[in-house]
Number of protein chains: 2
Amino acid sequence: MAVDQLSRVFAALADPTRRDMVARLAVADATVNELAGPFDMSLQAVSKHLRVLEDAGLVSRSREAQRRPAHLEAEVLDMMTAWIERYRRQAEERFSRLDAVLAELPDDIDPLPIPPRPIADGKGARP
Amino acid sequence: MAVDQLSRVFAALADPTRRDMVARLAVADATVNELAGPFDMSLQAVSKHLRVLEDAGLVSRSREAQRRPAHLEAEVLDMMTAWIERYRRQAEERFSRLDAVLAELPDDIDPLPIPPRPIADGKGARP
DNA sequence: CTCATATTCAACCAATCAGTTGAGTATCCG
DNA sequence: CGGATACTCAACTGATTGGTTGAATATGAG
């Protein structure tokens with residue numbers, strides 16, 4: 001994988017199955033078997049999804065007898081929020097600045113000159 | 001398109017090229033040509049990326065002579081933040097609750113029997 | 001040691017994705 | 001009108017993804 005972590009995290013959460021897993025891991029750590037419960041999907045498929053989350057750094061795993069419980073690593077979520085919020089804020093600022101400019105426009109300016117009307121057919125020309 | 005918007009938005013931002021576009025659209029609206037500038041990539045490819053962002057609801061487009069300037073729709077970002085923050089907060093709470101429990105443990109309990117050997121590797125690097 | 005449980009590995013498949021090139025459409029300008 | 005500019009559509013391609021099944025590994029219980 002020659003792809004940066006931010007990309008991996010976004011990609012990981014682009015799948016509803018994986019988002020569901022994250023939602024449940026936020027409540028409690030869980031094994032592959034437990035996670036697989038609600039899904040109509042093979043155990044191996046769930047294992048693969050878990051692997052994607054792990055590669056993205058969203059979950060860590062430990063060993064507990066045969067089980068390998070997954071644990072949500074919430075810090076990575078902060079990385080996403082940081083990215084998103086940065087640009088949301090930037091855009092927001094820009095918009096409010098635009099609003100301010102518009103609000104300051106003096107009344108004697110007509111910012112929307114009506115374009116000259118190209119005219120119609122020559123049928124039934126009126127004198 | 002049988003895929004929910006949240007999935008589309010996450011997927012849209014899973015690509016570095018598209019994240020870069022979003023970053024620049026946060027600064028100013030831009031046309032396909034302008035956006036394509038820095039990329040070593042055909043105009044059509046950029047147009048396609050823009051389409052993905054549009055389908056995800058992240059940008060809207062208008063018409064201005066031949067140009068079709070793209071405009072960042074920041075509200076959608078809020079949807080992501082809402083999702084992420086919900087689970088981050090949930091996990092966070094859970095951890096602090098756990099901390100509280102541990103802090104309350106009477107002294108005569110040894111809550112952390114030291115494992116004979118912390119699993120040394122646990123996971124070999126796969127080629 | 002042998003068996004059961006929990007999980008992963010490996011090979012395969014269909015669908016989607018990110019990119020390409022080439023042709024087509026929309027809009028303005030002279 | 002005819003061109004130039006800005007963009008999109010269509011068809012193709014190789015890589016990745018989300019799923020499958022069957023075999024393999026890891027660990028604890030008897």
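In what follows, every chain begins at residue 1, and chains take the letters A, B, ... in the order their sequences are listed.
- A straight line from NZ of K48(A) to C1' of dC9(C) spans 10 Å, rounded to a whole angstrom.
- Spacing between atom CG of D15(B) and atom P of dT17(D) amounts to 12 Å, rounded to whole angstrom units.
- With DNA chain D read from its 5' end, the first of the two nearest nucleotides for R63(B) and E64(A) is the one closest to R63(B).
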*asked:* Working note: R19(B) + D4(A), criterion salt bridge (charged side-chain N to carboxylate O under 4.0 Å, His left out); need CA distance, chi angles, decisive distance, verdict.
replied: CA-CA 12 Å; R19(B) 280 202 305 280; D4(A) 62 299; 2.9 Å; yes

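- For the side chain to side chain donor-acceptor pair (under 3.5 Å) with E92(A), the lone residue among R88(A), R94(A), Q90(A) that qualifies is R88(A).
- Candidate nucleotides dA6(D), dA6(C), dG19(C) were compared by shortest atom distance to the side chain of Q66(A), and dA6(C) ranks first.
- For dG18(D), neither phosphate oxygen OP1 nor OP2 lies less than 4.0 angstrom from any side-chain nitrogen or oxygen of T17(A).
- Within the structure, a side-chain polar atom (N or O) of R61(B) is placed less than 4.0 Å from OP1 or OP2 of dT8(D).
- For S47(A) and dT7(C), the shortest distance from a side-chain N or O to OP1 or OP2 is not below 4.0 Å.
- In this structure, R8(A) places its CZ atom 16 Å from C1' of dT17(D), rounding to the nearest Å.
- As a whole-Å value, the separation of R18(A) CZ from dT17(D) C1' is 8 Å.
- R67(B) has its CZ atom 11 Å from the P atom of dT5(D), to the nearest Å.
- Proximity of R67(B) to N33(B): side-chain heavy atoms (C-beta onward) are nowhere separated by under 4.5 Å.
- The base of dG22(D) lies close enough to the side chain of Q44(A) for a donor and an acceptor atom to sit less than 3.5 Å apart.
- The closest side-chain donor-acceptor pair between D20(A) and T17(A), if any, does not fall under 3.5 angstrom.
- Distance L43(B) CG to dG24(C) P: 18 Å, rounded to the nearest Å.
- A cation-pi arrangement is present between R24(A) and F39(A), with the terminal nitrogen or guanidinium carbon under 6.0 Å from the aromatic centre and inside a 45° cone about the axis.
- Atom CZ of R51(A) is separated from atom C1' of dG19(D) by 17 Å (rounded to the nearest Å).
- Residue N33(A) places at least one side-chain N or O closer than 4.0 Å to OP1 or OP2 of dT7(C).
- Nearest to the side chain of S42(A), among dG19(C), dT20(D), dC7(D), sits dT20(D).
- In this structure, E34(A) atom CD and dA6(C) atom C1' are separated by 11 Å, rounded to whole Å.
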